[in-house]
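Each ligand, and each atom within it, is numbered from 1 in the order the structure gives.
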Amino acid sequence: MHFVKMHGLGNDFIVVDEFNAQSDRDYNKLAPMLCDRHFGIGADGIIIVLPSDIADARMRIVNADGSEAEMCGNGIRCFAKYVYESGIIKKQVLSVETLAGIMKPELFVEGDEVQKVKVDMGKPDFEPGAIPAFMPGTRIVERPLEVDSQPYAITSMSMGVPHTVIFVDDVDEVDIIGLGPKIEKHPIFPKKTNVNFVEVLNDHEIKVRTWERGAGATLACGTGSCASAVAAAITGRTGRAVTVHLIAGQLEIRWAEDDTVFMTGPAAKVFQGDIEF
Ligand SMILES: N[C@@H](CCC[C@H](N)C(=O)O)C(=O)O
């Protein structure tokens, strides 16, 4: 299998191109082996490039544990860079079909190289049924959740995928590996949740660390950065445009007045190869 290894701020993916010819590979079964960092290629997930009947192309994202995700923010920037630079779709604004709907990446190109990608990420959905989350009420904004007898104030929404945000004083002090999976798999989230720990630096900068559903602690999460920015704004901690500081760089997130969230950031190709299995 030929693949290209890409990343968005260190959130890394094995990109497989099936745009012109589709295989019968079972990526959900293959993902744990291919994504293994010791026995495989190593990645947080697999992105499959496919044709679409309703958009320019279709993106599938399979997490490292083999579960299928509806959408991936860092992944869609890599996807857009890949389809443009490989000549599959030579457009500066693309429409990409995902399980979370049609996303619209806009490419900033210099020469023939994509420098950064701005994505219309759609609107956050606070409706508990849409997340999904079992909690009474119309939305989950700073609501109490007890984990290991400790109270946390959670803000949850769907940003294409389920996200939960917890504000903390210092993200570097959080036991992400210990606490992340307990919230990810908490019984109030029937489809699990991604978990973002957010430190507010000032009214236009936040620091985010994410425990991802199906992938564990990652260096960056695009949809998580969007959810964190929306949560920071809706709770009055920041304005609607913030720089999100992640371990390997920054994303610019803007929650527009019409409710649409825009994410701007880089994508990078690292290497390509072939693997036999
Ligand atoms: N890394 C992603 C999110 C990928 C999907 C996630 N693990 C899930 O299952 O919801 C991003 O950049 O948004």
**Q** Can R237 be said to sit on top of F167's aromatic six-ring, NZ or CZ under 6.0 Å from centre and within 45° of the ring axis?
**A** yes
**Q** Quick one: look at N74 and ligand 1, take heavy-atom pairs under 4.0 Å, and tell me if it's side chain, backbone, both or neither.
**A** both
**Q** Among all protein non-hydrogen atoms, which one is nearest to atom 2 (C) of ligand 1, and what is the separation to 0.1 Å?
**A** C72 SG, 3.1 Å
**Q** Before accepting this row, confirm whether a basic side-chain N of the pair D170/R209 lies closer than 4.0 Å to the acidic partner's carboxylate O.
**A** no
**Q** Out of all atoms in ligand 1, which are within 4.0 Å of some heavy atom of N63? Include the element for each.
**A** 5 (C), 6 (C), 7 (N), 8 (C), 9 (O)
**Q** Without hydrogens or angle criteria, can the side chains of T223 and H163 be said to hold a donor-acceptor pair below 3.5 Å?
**A** yes
**Q** Verify the distance criterion only: is there a donor paired with an acceptor across the side chains of T243 and E252 at less than 3.5 Å?
**A** yes
**Q** Within the 4.0 Å heavy-atom shell around A69, which atoms of ligand 1 are there?
**A** 5 (C), 8 (C), 9 (O)
**Q** Quick check on M159 - does any of its heavy atoms sit under 4.0 Å from an atom of ligand 1?
**A** no
**Q** Any nitrogen or oxygen of A215, side chain or backbone, less than 3.5 Å from one on ligand 1?
**A** no
**Q** Looking only at protein heavy atoms, which one is nearest to atom 3 (C) of ligand 1, and what is the separation?
**A** E212 OE1, 3.5 Å
**Q** Give a yes/no verdict on a cation-pi contact between K5 and F271, requiring under 6.0 Å between NZ or CZ and the six-membered ring centre and an angle within 45° of the axis.
**A** no
**Q** F262: which other cluster members, linking ILVMFWY side chains closer than 4.5 Å, directly or transitively?
**A** none
**Q** Judged by modelled atom types alone, do N28 and R60 share a side-chain donor-acceptor pair under 3.5 Å?
**A** yes
**Q** Which ligand 1 atoms are under 4.0 Å away from a heavy-atom of M71?
**A** 4 (C), 5 (C)
**Q** Below 4.0 Å, non-hydrogen atoms only: which portion of K192 touches ligand 1? Side chain, backbone, both or neither.
**A** neither
**Q** Decide whether the shortest distance between a heavy atom of N11 and an atom of ligand 1 is less than 4.0 Å.
**A** yes
**Q** Give the atom numbers and elements of ligand 1 that come within less than 4.0 Å of a heavy atom of V161.
**A** 10 (O)
**Q** List the closest protein heavy-atom neighbour of atom 10 (O) of ligand 1: residue, atom name, distance to the nearest 0.1 Å.
**A** N194 ND2, 2.8 Å
**Q** Salt bridge or not for R213 and E70, using N-O below 4.0 Å?
**A** yes
**Q** Any idea which protein heavy atom is nearest atom 8 (C) of ligand 1, and the distance to it?
**A** R213 NE, 3.4 Å
**Q** Mind checking who shares a hydrophobic cluster with I54, ILVMFWY linked at side-chain heavy-atom distances under 4.5 Å?
**A** I102
**Q** Tell me whether E70 has any N or O atom under 3.5 angstrom from an N or O of ligand 1.
**A** no
**Q** What protein heavy atom sits nearest atom 13 (O) of ligand 1, and how far away is it?
**A** T223 OG1, 2.6 Å
**Q** Before signing off on this row, confirm whether G222 and ligand 1 have an N or O atom pair separated by under 3.5 Å.
**A** yes
**Q** Is it true that a side-chain atom of D12 and a backbone atom of D44 form a donor plus acceptor pair closer than 3.5 Å?
**A** yes
